[in-house]
Each structure stands twice: as C-alpha cells, then as structure tokens.
Number of protein chains: 2
Amino acid sequence: MQISSRFTVALHIFTCVEVFRGEYKITSDFLASSIHTNPVLIRKILAQLKAAGLITVARGTGGIEITRALSEISFYDVYEAIEPLEDGDLFRFHDAPNPDCPVGRNIHALLDGKLAAIQRAMEEEMRKYTLADLDEGIRALLDAEQKGEEGT
Amino acid sequence: MQISSRFTVALHIFTCVEVFRGEYKITSDFLASSIHTNPVLIRKILAQLKAAGLITVARGTGGIEITRALSEISFYDVYEAIEPLEDGDLFRFHDAPNPDCPVGRNIHALLDGKLAAIQRAMEEEMRKYTLADLDEGIRALLDAEQKGEEGT
DNA sequence: TTTGATGTAACTATTGACATTACAACAAAG
DNA sequence: CTTTGTTGTAATGTCAATAGTTACATCAAA
C-alpha cells in the first residue's frame, strides 16, 4: 500500500509557491497546470494545509502565503497535515482477534511497540527535511538547467 | 493511507505457528479462527509467504513449516513478501507533471532522494526485528498471564 | 457592479481491501 | 481405491479511498 500522491503534490505546491513568488499569481488553476491535475484537488489540499496552519489562502483575490520560515516547516509537518491516519497508526490490524486464542488476545501487546518504533523511525527521518531544503534544491536544479543550455 | 492489515496478519500467522507447533494441527481454518477472519484470506497470505520462500505449505494434509531459523527472518522480509509496492516506491507521485513548468519537470529530481531516504529509514528499522523476537515476546506474555492467574 | 478567485457539494470512475461461496487438486489414512 | 480433510484459486460482492469533473455559492478588489 503506497502513500497517496497528495503528499508529494503538497510538496510540489510549496515548491511552486517559493519559486514563482512575485513572478506569477499563484492560483489553484496555475498549480493544477504545473502538477497536471485539476484545480479542485489542489483546493482540497490547500484546505488541509490551511487547517494545519501552514499557509493562508486569500479568498476572492487568490494568493498563498506560507506562515512560517521555510526551515520551520518539515516534511513531517506536511505529511501530518495531509495524511489522515486512523488513531495516528501507520499499521493496520485485523478488526477483532479471537480473545480465546492465547496469540489472538496478546497480538497487540506483542506487536504495538515494535510497529510504533518503525513508524517513529520513518517520521523522524521526515523531520530532517524542510521546505528550506526544497527551496535550495530547486534553485540548484534550475541553475544546472541554465548552465546546460549555455553549454550547447 | 495505512499499511494493509495483511502485514500484521502475516506476523500473527508466524506467531501461531511458533506457539502451537506440535500442539495443534495448524490449518488455514485454525488460523482464521485465531485472527478472526476467513480461511481464504489466510491462504492468499500463505501463498505470498511461500512464493517468498519463507515457508512451505503441505497440500492435502495441511501444515506449515518455516524454512529458516527464526532469527533469520526479519519483519522486513515479511513486509517485502506481503506488500506489493509499485516499483518498490513507498511514495506515490502524480502521474505526469507538466514538463513546461520548471518545477514540474524537476520535481522528481528534487524529491526522489529524500523520499528514498525516508523509506529506507523505515525499512532499516524493520530489519531490526525478527521472528525470534516474536517468539520470545509471546512466551513472556503467556508466562505473565500464567502468573496473573496464580495470583488470584 | 463586474471580474476572477476560493470553498464546497455532488456525482462518477477506478482501484484495493476484505469477505464469502464454490469447487478442483491433492495427499494420506483407511 | 475411496474417503476425508486440506490447500489452491476463481468468481463475486461490499465497502472505502483516490482522483477527476461539473456546478455554483461566496468573497475581495478593481
């Protein structure tokens, strides 16, 4: 089971906001065109990011503002805003294991700690990357493109 | 998006095989009863574990054998056998970002490395736990149950 | 008041998870 | 060699989530 594309779409949105700030008016239509999807999906994701307090969206006139310094928003913040995990658990269990079976009634006690550690390892790694890294990365890539063109 | 319960069901199966070996004949019906699901789901998971070479299943007569030492089968081995990840990637992207947009045509170069690192962090943690840990853990839990009963 | 944008609701298509029934294939015991 | 119990697997149904699309009310600024 893969993690839904809405997470990478959200990162794409942030990157566009950083790159095109001032240059273009960043609307949901504009973003939908870059990501190659439809504006409604973008607006739903923007609504989630707004609910998490990561951005503000100007109604009527359009325009997206990031509320914190880029280095203060990690991949995990974005992931948490976007992915609705039931009870915050990454791993699903089967509904109701048999309490009459010694294994069935102990399976949660047996696995919960280990699964939580695995989930934590992933989330900790997510905290290491921030929007500032994205900003830096995309500018390096665009510079490289520029130089490539000059070389021809 | 959560990881499907088939992974924890597989760990449940292994635990049952270890605990009830010799004591009961471990059939898909028996397992389905402990996990509280239906035998066909169990058989499909057994088929995946068999395809990965982790177990053998005796047709006709029934019975499951684990092919390696418990300490030689990690959670990751089970996860890999069970979860069909497209191209091995945990994170999904949107289908076809716009190549005319500077961000759209660079989004993979920008994100791929970081996402792979996050996935790797999770998988490395998964490698730390083995079926031997499960065996040890369940026996400790069952001993504790025993003592709790004696106490009353 | 017009214009252009966001916020949402409603509907659809597609996919995956999981449950369930049914039956063929098979191995061992009698 | 027939019975019995089990695995292997196809077919079908239900349910939830993803994602696309249309439509329109709401809103802010020119």
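Just so we're on the same page: letters track the sequence lines, and every chain starts at 1. Bear in mind the structure is a predicted one, so any value in this text is a computation, not a measurement.
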For the pair made of CG in B:Asn38 and C1' in D:dT9, what is the distance, rounded to whole Å? 13 Å

Looking at the rings of A:Phe20 and A:Tyr24, which for Trp means the six-membered one, are their centres under 6.0 Å apart? yes

Provide, to the nearest angstrom, the distance between the CG atom belonging to B:Leu85 and the P atom belonging to C:dG16. 12 Å

Check: B:Glu72/B:Thr130 side-chain N/O donor and acceptor closer than 3.5 Å: no

Between P of C:dA17 and NE2 of A:His94, the distance in whole Å: 14 Å

How long is the line joining CG of A:Asp95 and P of D:dA16, in whole Å? 12 Å

B:Ser34/B:His12 under side chain to side chain donor-acceptor pair (under 3.5 Å): CA gap, chis, key distance, verdict: CA-CA 9 Å; B:Ser34 168; B:His12 191 145; 2.9 Å; yes

Can you check nucleotides 4-6 of chain C for protein contacts, nitrogen or oxygen pairs under 3.5 Å, and list what you find?
residue, atom, partner, partner atom, Å
C:dG4, N2, A:Gly60, O, 3.2
C:dA5, O4', A:Gly60, O, 3.2
C:dT6, OP1, A:Ser28, N, 3.0
C:dT6, OP2, A:Ser28, N, 3.4
C:dT6, OP2, A:Ser28, OG, 2.7

Can you tell me the distance, in whole Å, between the CZ atom of B:Phe30 and the P atom of D:dT6? 12 Å

Could you tell me if the ring centre of A:Tyr76 sits under 6.0 Å from that of A:Tyr129? no

With a 3.5 Å cut-off and no angle check, do the side chains of A:Ser74 and A:Arg127 form a donor-acceptor pair? no

Does the A:Asn98 side chain pair with the main chain of B:Ile35, one donor and one acceptor, at a distance under 3.5 Å? no

Rounded to whole Å, how long is the line connecting atom CG of A:Leu41 with atom C1' of C:dT8? 14 Å

Do any N or O atoms from the side chain of A:Glu125 and from the backbone of A:Arg120 form a donor-acceptor pair under 3.5 angstrom? no

Winner on side-chain proximity to B:Met1, out of D:dT18, D:dG20, C:dA19, is D:dT18

Give the minimum heavy-atom separation between B:Pro84 and B:Arg6, together with the two atoms involved. CD-NH2, 3.7 Å

Tell me, yes or no, whether the heavy-atom count around A:Glu136 atom CD, taken from other residues, nucleotides or ligands under 6.0 Å, exceeds 12. no

Other residues, nucleotides, ligands: >12 heavy atoms within 6.0 Å of A:Glu65 CD: no

All N/O contacts under 3.5 Å from nucleotides 11-15 of chain D to the protein, with atom names and distances to one decimal?
none

Does atom NE2 of A:His36 have more than 12 heavy-atom neighbours from other groups under 6.0 Å away? no

Can you check the A:Gln2 CD to D:dA17 P distance for me, whole Å? 18 Å

Using heavy atoms and a sub-4.0 Å distance, could you list which residues of residues 3-23 of chain B are near DNA chain C? By number, please. B:Ser4, B:Ser5, B:Arg6

Using atom CD1 of B:Ile45 as one end and atom P of D:dT7 as the other, report the distance to the nearest whole Å. 14 Å

